[in-house]
Each structure stands twice: as structure tokens, then as C-alpha cells.
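First comes the structure, then the notes that go with it.
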Amino acid sequence: MTRFALFALLLTSLPSAAAAQDVNCTTAQTQVEMTFCAEQDWNAADARLNASYKTAIAAMLGIDANLDAGDKGAEAALRAAQRVWVTYRDNTCAAEAWAMHGGSAEPMVIYGCRARVTASRVDELDNMTAGD
């Protein structure tokens, strides 16, 4: 198991401990606190992504509903794009964090990157449905 995997495993047990300490993310100072806060930011961005994706899928289904069978494909295209986007996000953030590879800050950088890239994807999905 890599050091990152071990650290990530350790962190899965820390959020409840960190939350029990009432971590103030505006004043987080330790690596564990900063990583916890970065993870919370990513979780919030991921929740917004899921809501935006659900809305965008519904919009694509609406487009498909008004097309002849041979012309349908909006929903399938969005689903395919989202699968590719997840791979893009994960690889982009792994590359961004590579300077910290194996270090205690690596998960924090990955979470921060995922939050930022995910927020950008939310904007893209929201723009798809802005006229609805």
C-alpha cells in the first residue's frame, strides 16, 4: 500500500475526530485541520455538482424527448462527457499534487484541486441549463 493510501485511510477516521474538535476552517493551522477543511470544501462542491448534474440530465432528457429516435443522444452525450470529466478531474488533481507526492500535504492539495475543478464543472453544467 502506498504512503498516500495509508494516509488517506488514516484520514477517513480523522474527520469525526477533527469535527469533534470543532475545527474552524478559517483559522486551521495543522496539516490534519487543513486537510479536513479542504475535504469539506470538496464535499460541498461535489454536492453542488450532483445537483447540477441531475438538473442537466433532466434537461438533456427533455431535449431528447422532442427529437426523432434517430436524433436522440443529448443525455447519452452528457453521461459520456461526465465519465470522461471525472477521469480528467482525478488525473489533473493528481498531477497538481505531484510536487507533494507521498507527503502529508498531498491529500490537502488533491482535495483543494478537486473542489476548484468541480466548482468549474458546476458552472459548465449550470450554463447548459441556464435557459430552462
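Model, not experiment: these values are computed from the prediction.
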4.5 Å side-chain heavy-atom contact, L125 and L78: yes

Closest approach of Q29 to M34 (non-hydrogen atoms, all atoms of both residues): O-CE, 3.5 Å

Shortest non-hydrogen contact from Q31 toward S104: CG-O, 3.5 Å

Candidates M128, R79, R121, R48 - the one meeting side chain to side chain contact (heavy atoms under 4.5 Å, CB included) with Y53: R79

Atom pair SG (C25) and CZ (F36), whose distance is rounded to the nearest 0.5 Å: 6.0 Å

Side-chain (T55) to main-chain (A51) donor-acceptor, under 3.5 angstrom: yes

Any I110 side-chain heavy atom under 4.5 Å of W42 side chain: no

Test: D46 and R114 ion pair at under 4.0 Å: no

Nearest atoms (heavy-atom pairs only) where G112 meets A38: N-CB, 4.2 Å

Exam field: side chain T129 to backbone D126, donor-acceptor pair closer than 3.5 Å: yes

Minimum-distance pair of heavy atoms, taken over all atoms of A115 and A45: O-CB, 3.8 Å

Any donor-acceptor pair under 3.5 Å from N24 side chain to T26 backbone: yes

Side-chain touch N127/E124, heavy atoms, less than 4.5 angstrom: no

D64: salt bridge (charged side-chain N to carboxylate O under 4.0 Å, His left out) partners, not counting sequence neighbours: none

Side-chain heavy atoms of Q82 within contact of W85, under 4.5 Å: yes

Minimum heavy-atom distance H101-E106, with the two atoms named: ND1-OE2, 3.2 Å

Side-chain H-bond candidate by donor/acceptor type, E39 with T35, under 3.5 Å: no

Spacing of L61 atom CG and K72 atom NZ [to the nearest 0.5 Å]: 9.5 Å

